[in-house]
Amino acid sequence: MGMPGVGKGTQAVRLEECLQVPHVSTGDILRSAVRAGSALGRRVKDCLDGGDLVPDDVMGELIGDRLGRDDARAGFVLDGFPRTRPQVDTLDRVLDRMGVPVERVILLRAEEDEIVRRLAGRRVCPGCDAVYHLETNPPISAGVCGRCGSALVQRPDDAETVVRDRLRLYREQTLPAADVYRERGLLAEIDGVGTPVEVFERIRSELSAS
Ligand code: AMP
């Protein structure tokens with residue numbers, strides 16, 4: 001969990017490699033549905049472009065389907081879900097059915113101004129969802145994805161006014177969801193400022209201590 005742009009996706013990819021379990025990013029699933037023009041994609045496109053949260057019932061169905069797949073049996077790293085208090089209940093129900101617990105919840109922290117600065121420089125690949133940053137993680141060849149060769153773009157929801165709205169939603173909707181995990185003793189708050197390697201080391205030492 002963490003504010004938009006705090007580095008959840010970057011860290012989740014590293015955790016996926018380290019733990020050998022799939023990285024389930026609800027943002028990536030939704031963006032690829034929009035690209036594919038599927039019924040789900042058409043339904044959620046305006047929410048994504050405007051930085052709004054997709055309704056909880058749509059998210060509940062999506063996460064139930066995704067975690068029901070075979071590759072999720074041995075565990076998974078969730079990225080971007082749950083983001084609201086009702087989504088915590090949905091996840092509890094889905095995991096109850098699967099007979100697995102939430103083992104640990106990592107909340108990455110940063111100041112809002114740092115987030116706005118990061119998102120302004122973020123560029124993403126529409127072909128393979130790779131994420132770059134103009135200052136801290138530039139592609140080898142300017143404007144081009146080093147993994148698949150597509151032209152990099154700025155996400156419409158990374159525009160500053162939209163980012164400010166997303167941060168407000170985070171405070172109003174997502175922090176109360178994180179509180180539930182704090183009360184359950186599952187929440188680890190980690191400083192998200194630093195290089196991706198530094199932040200990952202903090203996460204790894206937290207996970208090995210628990
Ligand atoms: P992300 O890539 O995690 O920043 O997600 C991008 C966008 O997808 C968000 O701004 C929302 O519009 C939507 N989204 C992703 N996950 C969720 C969620 N758990 N609940 C509602 N909307 C979501």
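One-based numbering, in listed order, for ligands and for the atoms of each.
Between Glu201 and Arg204, at least one side-chain nitrogen of the basic residue sits less than 4.0 Å from a carboxylate oxygen of the acidic one, meeting the salt-bridge criterion. Ionic pairing of Arg202 and Glu206 is not present here: no N-O contact between side-chain nitrogen and carboxylate oxygen is shorter than 4.0 angstrom. Electrostatic pairing of Arg85 and Asp56 does not count as a salt bridge here, judged by no charged N lying under 4.0 Å from a carboxylate O. Using a cutoff of 4.0 Å between basic side-chain nitrogens and carboxylate oxygens, Arg155 and Asp157 are scored as salt-bridged. By the 4.0 Å N-to-carboxylate-O rule, Asp96 lies too far from Arg93 to be salt-bridged with it. Under 4.0 Å is where a charged nitrogen must lie from a carboxylate oxygen, and between Asp129 and Arg147 no such pair does.
Panel note: side chain Lys8, backbone Gly2; a donor-acceptor pair is recorded below 3.5 Å. The main-chain N or O of Gln173 is never found under 3.5 Å from a side-chain atom of Arg83 such that the two would form a donor-acceptor pair.
Atoms of ligand 1 lying under 4.0 Å from at least one heavy atom of Asp52, given by number and element, are 11 (C), 12 (O).
Of the candidates Arg166, Gln173, Arg83, the one placing a heavy atom closest to atom 15 (C) of ligand 1 is Arg83. Comparing Asp49, Thr26, Val6, Ile29 against atom 16 (N) of ligand 1, the shortest heavy-atom distance belongs to Thr26.
Contacts of Leu30 with ligand 1, taken as heavy-atom pairs under 4.0 Å, involve the side chain alone. Contacts between Asp56 and ligand 1, counted as non-hydrogen atom pairs separated by less than 4.0 Å, are absent for every part of the residue. At a heavy-atom distance under 4.0 Å, only side-chain atoms of Arg155, from C-beta outward, approach ligand 1.
Using 4.0 Å as the threshold, Arg31 has a heavy atom nearer than that to some atom of ligand 1.
Here's the thing with Gly80: one of its N/O atoms is less than 3.5 angstrom from an N/O atom of ligand 1. In terms of polar-atom proximity, defined here as any N/O pair under 3.5 Å, Gln87 does make such a contact with ligand 1. Not a single N or O atom of Phe81, backbone or side chain, sits closer than 3.5 Å to an N or O atom of ligand 1.
Scanning the protein for heavy atoms near atom 22 (N) of ligand 1, the closest one is Val54 N, 3.0 Å. Remark: minimum distance from atom 7 (C) of ligand 1 to any protein heavy atom is reached at Leu48 CG, 4.0 Å.
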